[in-house]
Amino acid sequence: MPTTTLDNHRLFYTRTTPADGGPSHQASLVLIHGAMGSHLDWPAGLRRIAGATVYALDLPGHGRSEPPGMESVAAYAKVVKDFVTQVVAGPAVLVGHSMGGAIAQMVALAPPDALRGLVLIATGPRLRVSGAILDRLPAQASAVVDLLVRHYWSEAAPPTLVARSREKLLAASPEVGRGDFLACDGFDLRESLGEVRLPALILAADGDRLTPPSLARELADGLPDARLILIPGAGHMVMLEQEDEVVRAVATFVAEIAQAGA
């Protein structure tokens, strides 16, 4: 699997090309995971979406990328912007989940030339974090993981998905996790949303208890060119609970961007 070095950070990512082996006729997708996550948070259907080249990045300190992590959304955004500029071929769409959605918004304030649009999943223009999380990391990481898992999923989520997410969170660095949640807690882009001139697709889940639909509506109201889709029957990890709906929405959005740029 490929790696790249940006500003002394060795970063791991996956790259999936169109299944037919031919050229991509759409913008490339760059998938940006959330706090304490990795590229494995993305479902196969999104990493292999038809007609597009898809990059799934491990942020610094996450997954198979080298530490350290960071403590601000702006710092992560610089890494992602450099990744788009130096690694991604052709026009690109950022797809960000939770903290990854905050990073995508920050990149879009001063976007690289190749950036054509945003997909913002289970996120908002501000991301406040409970003291029950910040005060317990890194010393009480297991308790924080239990709390997160209880709030990540809807009641209908398959137990196998829930168990797998708990394993991945326990394997993540609690020090990096604290930095992530500090970054989220310090993020507030409400006053700057009008400066984002890229088209955006906002996906929210009706059962999301971490980033409720009200935050998605704030995004939709503040961004000049945004479309909001509320997905029923899912929680914060909506792209895993309702994979087919998310893939269809993203594929339609990317196809529209490709058509507009043709």
Side-chain angles (χ1 to χ4, degrees), residues 2-18 22-34 39 42 46-60 65 70 72-121 123 125 183 187 189-203 219-220 222-227 249-262:
T3 62
T4 187
T5 300
L6 301 173
D7 285 342
N8 297 318
H9 293 281
R10 189 179 67 83
L11 304 178
F12 172 88
Y13 64 96
T14 64
R15 179 178 180 270
T16 306
T17 55
S24 170
H25 299 291
Q26 300 181 4
S28 295
L29 302 186
V30 180
L31 309 182
I32 313 167
H33 61 77
H39 72 282
W42 299 104
L46 202 51
R47 284 186 276 146
R48 297 179 176 87
I49 200 164
T53 298
V54 181
Y55 299 81
L57 175 66
D58 281 349
L59 293 170
S65 290
M70 296 174 172
S72 76
V73 169
Y76 280 128
K78 184 181 185 306
V79 171
V80 171
K81 184 175 181 178
D82 289 346
F83 183 82
V84 171
T85 301
Q86 300 182 35
V87 178
V88 178
V93 172
L94 297 183
V95 182
H97 173 252
S98 195
M99 183 182 77
I103 294 167
Q105 293 172 61
M106 187 71 73
V107 173
L109 286 178
D113 292 340
L115 195 57
R116 297 291 185 270
L118 308 174
V119 179
L120 306 173
I121 303 175
T123 192
F187 173 75
L189 219 63
R190 287 176 292 177
E191 299 300 319
S192 303
L193 288 179
E195 300 172 24
V196 176
R197 298 301 177 182
L198 297 168
L201 172 65
I202 303 166
L203 302 179
L219 271 179
L223 291 169
D225 184 4
R227 177 191 317 165
V250 173
T252 299
F253 178 71
V254 174
E256 290 172 353
I257 286 179
Q259 185 176 8

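The side-chain contact (heavy atoms from CB on, under 4.5 Å) test with Pro125 singles out one residue from Val196, Leu219, Leu120, Leu223, and that residue is Leu219. None of Asp58, Leu57, Val80, Thr3 except one satisfies the side-chain contact (heavy atoms from CB on, under 4.5 Å) rule with Leu11; the exception is Leu57.
In this structure, the side chains of Leu193 and Gln105 come closer than 4.5 Å at one or more pairs of heavy atoms. With contacts defined as side-chain heavy-atom distances shorter than 4.5 Å, the pair Val30/Val93 does not qualify. Lys78 places a side-chain heavy atom less than 4.5 Å from the side chain of Asp7. Using a 4.5 Å heavy-atom threshold, the side chains of Gln86 and Thr4 count as separate.
His33 contributes a side-chain N or O that, together with a main-chain N or O of Leu59, makes up a donor-acceptor pair within less than 3.5 Å. The closest donor-acceptor contact from the side chain of Ser98 to the backbone of Gly34 lies at 3.5 Å or more, if one exists at all. Ser192 places no side-chain N or O within 3.5 Å of a backbone atom of Glu195 that could act as its donor or acceptor partner. The main-chain N or O of Met70 is found under 3.5 Å from a side-chain atom of Tyr76 such that the two form a donor-acceptor pair. No side-chain donor-acceptor contact under 3.5 Å links Arg10 to the backbone of Asn8. When atom types are taken as modelled, the side chain of Arg47 and the backbone of Trp42 share a donor-acceptor pair closer than 3.5 angstrom.
Residues passing the side chain to side chain donor-acceptor pair (under 3.5 Å) test with Arg197: none are found, sequence neighbours excluded. The side chain to side chain donor-acceptor pair (under 3.5 Å) search around Lys81 returns none, not counting sequence neighbours. Among residues two or more places apart in sequence or in another chain, the salt bridge (charged side-chain N to carboxylate O under 4.0 Å, His left out) test is passed with Asp113 by none.
Remark: Asp82 CG to Thr5 OG1 distance equals 12.0 Å, nearest 0.5 Å. Note: Tyr55 OH to Ile32 CD1 = 14.0 Å, rounded to the nearest 0.5 Å. Atoms CZ and CG, on Arg227 and Asp225 in that order, are 8.5 Å from each other to the nearest 0.5 Å. The line from CE of Met106 to CZ of Phe187 is 5.5 Å long, rounded to the nearest 0.5 Å. Rounded to the nearest 0.5 Å, atoms CG (Leu29) and CG (Leu94) are 9.5 Å apart. Here Thr14 contributes atom OG1 and Leu31 contributes atom CG; the two are 7.5 Å apart, rounded to the nearest 0.5 Å.
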Which is it for Ile49 and Val254 under the side-chain contact (heavy atoms from CB on, under 4.5 Å) test, yes or no, and what are the steps along the way? CA-CA 10 Å; Ile49 200 164; Val254 174; 5.8 Å; no
Could you check Ile121 against Ile202 for side-chain contact (heavy atoms from CB on, under 4.5 Å), going step by step and ending with a plain yes or no? CA-CA 6 Å; Ile121 303 175; Ile202 303 166; over 6 Å; no
List the steps and the verdict of side-chain contact (heavy atoms from CB on, under 4.5 Å) for Leu109 and Leu189. CA-CA 10 Å; Leu109 286 178; Leu189 219 63; 3.7 Å; yes
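Of all non-hydrogen atoms in Ile257 and Gly117, the two that sit nearest each other are CD1-CA, 4.0 Å. Taking all atoms of both residues into account, the shortest heavy-atom contact from Ala27 to Ala52 is O-CB, 3.7 Å. Taking each heavy atom of Pro60 and Ser65 in turn, the nearest pair found is CA-CB, 4.3 Å. The nearest pair of heavy atoms linking Ile103 to Ala77 is CG2-CA, 3.7 Å. Scanning all heavy atoms of the two residues, the minimum distance from Pro18 to Thr53 falls at CD-OG1, 3.7 Å. The two residues Leu118 and Ala104 make their nearest non-hydrogen contact at CD2-O, 3.8 Å.
By the 4.0 Å N-to-carboxylate-O rule, Arg116 lies too far from Glu256 to be salt-bridged with it.
Ring orientation note: the planes of Phe12 and His39 are tilted relative to one another, at an angle of 30° to 60°.
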